[in-house]
Amino acid sequence: MNQTYINELKDHIGREVTLKGWLYNSRSSGKLVFLQLRDGTGIVQCVVFKGNNEELFENAKSLGQESSIIVTGTVKTDDRSSIGVELDVTGLEVLQNASEYPITPKEHGTEFLMDNRHLWIRSKKQNAVLKVRHTVVKATRDFFDDNGFILADTPIFTPAACEGTTTLFEVDYFDDDKAYLTQSGQLYNEATAASFGRSYCFGPVFRAEKSKTRRHLTEFWMVEPEMAYAQLPDVMDLGEKLIKFITERVLNDRKEDLAVLERDVSILQAITAAKFPRIHYDEAVKLLQKGFAKGEMDNNFEWGGDFGAPDETYISKQFDAPVFVHHFPAIIKAFYFERDAERPELALGADLLAPEGYGEIIGGGERATSIEFLEKQLIEHNLPKESFEWYLDLRRYGSVPHAGFGMGVERATAWMCGIEHVRETIPFPRMLNRLKP
RNA sequence: UGACGGGUAACUCAGUUGGUCAGAGUGCCGGCCUGUUAAGCCGGACGCCGCGGGUUCAAAUCCCGCCCCGUCAGCCA
């Protein structure tokens with residue numbers, strides 16, 4: 001079928017083309033109808049003049065929002081158009097004249113829009129956000145594929161928890177055991193890294209936390225690279241390169257979408273040239289305590305605790321670029337982290353905090369290599385050793401220093417877009433209290 | 001799970017010392033306008049005021065219970 005896309009119209013000036021799409025909005029005056037047509041690649045104004053064809057004019061005038069239409073017309077440049085061109089309509093085929101489309105060009109509330117998420121994703125802003133998501137995902141895959149990583153996806157049904165049992169969704173199906181939806185592919189990544197050297201998994205993960213904040217989803221997507229013969233600094237190097245690569249790609253490929261979102265791109269541009277600061281947990285604690293002394297923080301942070309959302313925001317605001325915090329107290333981290341040789345109470349973990357208060361977008365570190373240490377850890381964390389025998393095998397047969405991290409796609413996308421809530425960065429968000437549509 | 005805010009037309013909201021109090025705008029329908037950009041102007045239809053109970057001559061408004069949503073926090077990533 002002959003079809004031209006709206007983002008190609010500039011190459012067809014003066015020619016007659018056929019556009020296929022949906023009516024985004026329309027306006028009419030006595031002798032003119034303006035049809036805003038969208039086709040997924042953009043929106044263009046199509047002009048119907050009564051004097052040219054009265055039947056066509058009446059047809060165009062009667063169309064409801066989101067009617068599916070095929071429009072034929074001549075491409076003309078016009079300074080009044082936001083994309084520089086518009087269409088002089090010569091033909092109109094109506095596949096369906098829709099009426100009473102629920103989402104109007106005016107404001108709506110969150111609940112209503114979420115209930116209509118299947119339609120909401122057609123609107124300009126949501127469309128732009130999801131295109132940025134696409135580019136974040138594509139850039140991420142390209143980055144790893146082009147840097148010697150092998151994609152090796154990990155299971156979604158798992159027999160045991162990665163880091164504890166309280167946050168898991170239980171699935172009642174398998175005969176032998178209870179199964180759970182995965183919260184991370186990390187443990188399996190350690191196995192694939194020992195096969196491929198460098199590997200990554202990319203898929204959905206599930207957390208049964210009762211969190212309802214703008215940074216949390218019940219089901220979200222995470223990319224997790226793992227490298228054999230790698231240590232903590234390698235994790236930070238890789239994370240920094242990845243974030244810069246994604247940022248450059250988004251700036252380059254999604255200019256129009258960032259403009260739709262009114263994103264201040266200067267902040268993103270600055271990131272690509274910056275060196276990401278790396279601060280020790282001790283140093284981060286000092287920053288927070290100084291902040292309290294200055295009256296900029298409500299609570300005086302005590303060494304040993306995990307950062308809350310306000311703490312992360314405060315730390316990240318002290319820097320222009322994303323900042324790594326490393327060497328956390330082991331007690332607040334998962335059982336599999338390698339310990340600092342000189343201060344064994346510290347885990348070799350690193351979190352990357354995004355600027356502008358978007359929170360942790362990368363979390364990872366160096367994994368423990370000693371089987372004796374891990375056996376002790378399993379006991380201390382009350383985890384069933386039998387379930388982890390395969391994991392311990394990785395230390396029995398060719399244990400090497402290895403390290404990796406996870407990046408949350410939605411948080412990264414929210415930050416790129418400069419939007420408030422991660423729920424808009426995934427086509428159909430699953431949250432506490434949100435299962436439909 | 002807690003604190004705070006909220007639930008009135010399809011949508012976004014106004015309206016609570018209890019009494020012409022069922023309101024506006026948007027959308028929809030009809031009319032006018034060759035250049036609109038969330039178009040404008042004129043007219044029209046649209047309601048069990050979240051649910052249940054109570055107080056009262058009288059409740060959207062006061063009281064009790066419940067449900068739902070949002071923001072933040074906690075938990076987490």
Side-chain angles (χ1 to χ4, degrees), chain A residues 24-36 43-52 57 61-66 76 78-83 86 88 98-116 119-120 123-125 161-164 166-168 182-186 204-224 298-299 305-313 332-334 349 351-354 357-364 405-412 414 420-423 431-434:
Chain A
Y24 192 73
N25 196 5
S26 74
R27 290 172 211 92
S28 71
S29 64
K31 291 175 180 167
L32 284 170
V33 178
F34 302 100
L35 304 174
Q36 312 286 335
I43 296 176
V44 69
Q45 176 159 281
C46 306
V47 187
V48 184
F49 175 45
K50 190 177 183 179
N52 289 350
F57 176 82
K61 213 171 146 182
S62 73
L63 292 172
Q65 201 185 342
E66 288 300 320
K76 285 198 331 188
D78 195 305
D79 294 341
R80 290 165 293 197
S81 160
S82 58
I83 61 165
E86 52 178 42
D88 253 359
S99 60
E100 305 263 351
Y101 183 70
I103 300 176
T104 67
K106 296 278 180 177
E107 284 171 17
H108 298 285
T110 305
E111 189 182 8
F112 175 78
L113 289 170
M114 275 300 167
D115 284 342
N116 288 284
L119 302 175
W120 189 24
S123 66
K124 248 188 224 172
K125 189 178 159 188
C162 281
E163 336 195 341
T166 56
T167 65
L168 296 174
T182 185
Q183 57 182 349
S184 162
Q186 206 268 120
V205 293
F206 308 86
R207 306 281 166 92
E209 300 292 339
K210 299 285 182 200
S211 307
K212 42 173 190 175
T213 80
R214 64 181 148 156
R215 287 192 280 260
H216 289 87
L217 294 171
T218 300
E219 174 185 318
F220 65 100
W221 284 67
M222 191 154 71
V223 62
E224 298 174 90
D298 292 338
N299 297 304
D306 205 355
F307 303 131
D311 304 316
E312 286 184 352
T313 302
I332 58 170
K333 288 286 169 185
D351 288 355
L352 182 66
L353 306 179
Y358 281 92
E360 183 192 330
I361 51 172
I362 282 181
F405 64 82
M407 182 191 78
V409 169
E410 288 76 17
R411 284 188 184 177
E420 281 296 306
H421 204 300
V422 291
R423 66 183 163 220
M431 300 177 285
L432 190 70
N433 306 330
R434 172 60 61 183

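So that the names make sense, note that chain A is the first sequence line, chain B the second, and so on, each numbered from 1. Basis for what follows: all heavy atoms, side chains included, without hydrogens, waters or symmetry-related copies.
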Undergrad: Return the nucleotide paired to C41(B): Watson-Crick means purine N1 to pyrimidine N3 with N6-O4 or O6-N4, wobble means G-U with N1-O2 and O6-N3, both under 3.5 Å.
TA: G31(B)
Undergrad: Please classify the nucleic acid contact of Glu86(A) as base, sugar-phosphate, or nothing, using heavy-atom distances under 4.0 Å.
TA: base
Undergrad: Is there a Watson-Crick or G-U wobble partner for U26(B) with both distances under 3.5 Å, and if so, which one is it?
TA: A10(B)
Undergrad: Do the side chains of Lys76(A) and Asp78(A) get close enough for a salt bridge, i.e. N-O under 4.0 angstrom?
TA: no
Undergrad: May I ask which nucleotide in the shown strands pairs with G65(B), Watson-Crick or G-U wobble, both distances under 3.5 Å?
TA: C51(B)
Undergrad: Categorize Leu353(A) for me: base, sugar-phosphate, or nothing, with a 4.0 angstrom heavy-atom threshold over every strand shown.
TA: nothing
Undergrad: For U71(B), which nucleotide is its Watson-Crick or G-U wobble mate, given both distances must be under 3.5 Å?
TA: A3(B)
Undergrad: Just the rounded figure in Å: distance from C1' of A10(B) to CG of Asn116(A).
TA: 10 Å
Undergrad: Is there side-chain contact between Asn25(A) and Phe34(A), with at least one heavy-atom pair below 4.5 Å?
TA: no
Undergrad: Suppose you measure atom P in C51(B) against the same atom in C11(B); what distance do you get, rounded to whole Å?
TA: 14 Å
Undergrad: If stacking means aromatic ring centre less than 5.5 angstrom from the base's six-membered ring centre, planes under 30°, is Phe220(A) stacked on A77(B)?
TA: yes
Undergrad: With a 3.5 Å limit on both atom pairs, tell me what A59(B) is paired to, counting Watson-Crick and G-U wobble, or say none.
TA: none
Undergrad: How would you label the contact of Phe112(A) with the nucleic acid (heavy atoms, under 4.0 Å): base, sugar-phosphate, or nothing?
TA: sugar-phosphate
Undergrad: Across nucleotides 66-75 of chain B, 5' to 3', mark each nucleotide with B, S or - according to how protein heavy atoms within less than 4.0 Å reach it.
TA: --SSSBBBBB
Undergrad: Do any N or O atoms of the protein come closer than 3.5 Å to N or O atoms of nucleotides 27-32 of chain B, and which pairs are they?
TA:
residue, atom, partner, partner atom, Å
C28(B), O2', Glu100(A), OE2, 3.0

Undergrad: Atom NZ in Lys212(A), atom CZ in Arg423(A): separation rounded to 0.5 Å?
TA: 12.0 Å
Undergrad: When the distance from CG of Leu32(A) to C1' of U37(B) is rounded to whole Å, what number comes out?
TA: 13 Å
Undergrad: So what does Gly363(A) hit on the nucleic acid, given a heavy-atom distance under 4.0 Å: a base, only sugar-phosphate, or nothing?
TA: nothing
Undergrad: Specify the separation, in whole Å, of atom CZ of Phe57(A) and atom P of G35(B).
TA: 12 Å
Undergrad: Measure the spacing between CE of Met407(A) and CG of Leu352(A) and express it to the nearest 0.5 Å.
TA: 10.5 Å
Undergrad: Mind calculating the distance between CH2 (Trp120(A)) and C1' (U12(B)) to the nearest angstrom?
TA: 15 Å
Undergrad: Per the atom types in the model, does the base of U36(B) pair as donor or acceptor with the side chain of Gln45(A) at under 3.5 Å?
TA: yes
Undergrad: Using only heavy-atom distances, determine whether the side chains of Gln65(A) and Thr104(A) contain a donor-acceptor pair under 3.5 Å.
TA: no
